[in-house]
Each structure stands twice: as C-alpha cells, then as structure tokens.
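Working notes, beginning with the structure itself.
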Amino acid sequence: MGKIKVADFDIRYTVESAQPLTFFGDIHEEGKRVDYVSEFRKFEVRQHKDSLEYFALPKISEQKAREEIVRRFGLNDNMQKIYEAIATDQFLVESIEKYPGMRITRNDPWETTVCFVMSQFNNVKRIRGIVKKLIEVHGERRSFEHNGREIVVRSFPTPETFANLSVKEIMKCGTGFRGKYIKGIAQQCVDGFDLYKLEGKKYEHIKEELMTLPGIGDKVADCILLMGYEKLEAFPVDTWIKRIVERVYFKGKVQSIKTIHKFAEERWGKDGGYAQQYLFWRGRSLKLK
DNA sequence: ACCCAGGCGGGCG
DNA sequence: CGCCCGCATGGG
C-alpha cells in the first residue's frame, strides 16, 4: 500500500469522464475508488480528499506502484498552468469550476484503440458493457492468492486473440457493426502494424498512421492520441464538441470539422485536450443542443 | 413503439 | 472534396 499527496485532482470526475478507465475499470464508493487491471496486476486506487491510497496485487515495489499511479492519472500535469491556459472565456471558467480536478488519464495504445472504436455511434453505458464483456469472454484469466483469498484478474484481449476470432464471434459480445473493425485492426496488428512503435512520434504522424486502420477516423484517432499516446494537444471533435464550439464561439453558425480543429489549435494549442474535456462535460451537463 | 448514442466507410454529384 | 446514408444494439 502507498499514499500520495494530491492537489487539483478529483478521481471521480476523472474516472467517470468516459476515458478508458471508465470503460474497463470497476468504479466503487460513488466514484471515490477505482480498480483496474494492468499487465495482470490489479490496482486499487482510492481518494481521501488530498491524498490517494493505492494497492497493487501481486505486489510490486513501492516506487513502481507510485510511478504507475502518477503516470496513469496524469498527476504530473500542472493543473494551475493548464487551467490558466484554457480559461480563455466564461464558458471554460465555469467548466473548470464545475469539474475541478478532472484529468486526462494515460492508457495503453491498443486498449485505448479498442475502447474508442467501440465508442463510435454509441453511448457510454453500452461502450462500458461491451468492453467489459470483451475482457470477460476473451481476456486471459489469471489468479493468485492474497491473504488466503483468491484474486482473479483478466487481461485485456490481445490483437492475436481477436485476429483468431471470427467477426461473428466478436459480435457476440455486443459490439454490433464495430466487430468487423476490431477484427480488421487486430489482423493488421498481427501482420506487422505496431501501435507501440508509434509511441513518441509526432502527433501528425501517429494520426495519419492510425487513420489507415479500419474504423478509425478523425475523431477516434484524436481520442487515441489524447488518452493512449499522451498527445495532450489532441482535440477530438465529436457531435457535442462541434455543437458547443459553434454555439459558444461562432454565434451558433455551422462550421466544418476542419475549421473547429483550426480554431481549437489557435486558441488552446498544446492544451487542446484538456480544453476539449472540460468543454465536453460542461456542454453535456447543460444539454447544449 | 420509437429514438438516440463522444462516427465511419462508401457511394454519389 | 462535401454531403448523405446505413449501420448493430440496448436503454430511455
């Protein structure tokens, strides 16, 4: 067990904000605790006001566990600076006031890819159900003992697993038409497309590569860049963001996706990802349509 | 019973 | 290009 002091962090807003941890983590205690599996290890993270308590099973060194938590939850992000940069107007000031401490999480590129391919033309609740079922049915099961109790973990299914399944088999987990995309992407990963080789490359390059994969367009690519490749400048433009930006910054006039990307880049630059996240949740809570 | 959900691919003009 | 349509599925 370890403990970390935190400021400008809210685990609930973070894990409930439709990031990969929302889709495959187990959220407990009204959002104050999240359990998730990474590399066959179960991590349990709980927030008490200004500190974070965490466990890793099977155990790893205190330092390793701490590094995982700090990285995963974006605890090194300087929120005061980021807030200063993205609070360009009243709407964003209110967004930040409403969801203080919401962070961008850092996730595995492959897992992030599957999660956001599942997100297209879908809703959060169902995405969650689908991803959890994929893990439950196709993840590798491992168990170990802790204090005389058996702990079971399941890995996120690998590209190899999906490549060896038929689309029909994948669709049994409720993926719908997205099943063929997962199969296609998995097949390409097995055939040499290396998602991990893209880590550390430039935003534009990664985006171009991701968009060659089936089922990954402009919006999904940006989500993967933001949460799977730590590209905090990524600004995913979905129907909500499009509406919100048009409404708040273009007097309600319809704009192209391209114009919206350009606007976001000029206004928020390298902090676009955080701006997007706050715009999105504020817009949704206001049901801005 | 509808209607919609953090899009994408394909076909058309 | 830009526009429009269909798409699997389950919850409201």
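Naming convention: chains lettered A, B, ... in sequence-line order (proteins, then strands); numbering from 1 in each chain.
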Near-strand residues of residues 12-19 of chain A, defined as heavy-atom separation under 4.0 angstrom from DNA chain B | A/Ser17, A/Ala18
With the threshold set at 4.0 Å, does a side-chain nitrogen-carboxylate oxygen contact exist between A/Lys81 and A/Asp8?
-> no
Are A/Asp10 and A/Met102 close enough, and set up right, to give a side chain to side chain contact (heavy atoms under 4.5 Å, CB included), and what steps lead you there?
-> CA-CA 6 Å; A/Asp10 187 298; A/Met102 180 169 60; over 6 Å; no
Using the closest heavy atom to pick a nucleotide of DNA chain B for each, name whichever of A/Met211 or A/Asp238 lands nearer the 5' end.
-> A/Asp238
For A/Ile127, report the nucleic acid contact type (base, sugar-phosphate, nothing); a contact means any heavy atom under 4.0 Å.
-> nothing
Length of the line joining A/Phe235:CZ and B/dG6:P, which is rounded to integer Å = 17 Å
Output yes when A/Asp222 and A/Lys231 qualify as a salt bridge under the 4.0 Å nitrogen-oxygen rule, no when they do not.
-> no
With sequence neighbours excluded, residues passing side-chain hydrogen bond (donor to acceptor under 3.5 Å, both in side chains) with A/Lys219 | none
Using the P atom in both, what is the distance from B/dG10 to C/dA8, to the nearest Å?
-> 13 Å
Under 4.0 Å between a side-chain N/O of A/Thr175 and OP1 or OP2 of C/dT9, yes or no?
-> no
In which ranges does DNA chain B form stems of 3 or more consecutive Watson-Crick or G-U pairs, distances under 3.5 Å?
-> B:2-5 with C:9-12, B:7-13 with C:1-7
In whole angstroms, how far is the C1' atom of B/dA5 from the NZ atom of A/Lys219?
-> 11 Å
Reckon A/Phe116 touches a base, only the sugar-phosphate, or nothing at all at heavy-atom distances under 4.0 Å?
-> nothing
Residue whose closest nucleotide on DNA chain C lies nearer the 5' end, A/Tyr181 versus A/Gly174 = A/Tyr181
Quickly work out the A/Lys183 NZ to B/dG9 P distance and round it to whole Å.
-> 19 Å
Report which part of the nucleic acid A/Arg178 touches: base, sugar-phosphate, or nothing (heavy-atom distance under 4.0 Å, all strands).
-> base
When every non-hydrogen atom of A/Trp281 is compared with those of A/Tyr99, the smallest separation belongs to O-OH, 3.5 Å
A/Leu195 pairs by side chain to side chain contact (heavy atoms under 4.5 Å, CB included) with which of A/Ile206, A/Ile224, A/Asp108, A/Thr113?
-> A/Thr113
Toward the 5' end of DNA chain B, by each residue's nearest nucleotide, A/Met227 or A/Ile216 = A/Met227
Using atom P of each nucleotide, how far apart are B/dG6 and C/dC4 to the nearest Å?
-> 23 Å
Whole-Å distance separating the NZ atom of A/Lys207 from the P atom of B/dG7 = 15 Å
Is A/Lys180 near enough to C/dC7 that one of its side-chain N or O atoms lies under 4.0 angstrom from OP1 or OP2?
-> no
Just checking A/Lys258: base, sugar-phosphate only, or nothing, at a heavy-atom cut-off of under 4.0 Å?
-> nothing
Rounded distance (nearest 0.5 Å) linking atom CG of A/Leu21 with atom CZ of A/Phe43 | 11.5 Å
Can you tell me how far the CZ atom of A/Arg141 sits from the CD1 atom of A/Ile135, to the nearest 0.5 Å?
-> 15.0 Å
Nearest 0.5 Å please: distance from the CG atom of A/Leu165 over to the NZ atom of A/Lys172.
-> 10.0 Å
Is A/Leu213 touching bases, backbone alone, or none of the nucleic acid, heavy atoms closer than 4.0 Å?
-> sugar-phosphate
Would A/Lys262 and A/Glu266 pass as an ion pair if we require N to O under 4.0 Å?
-> yes
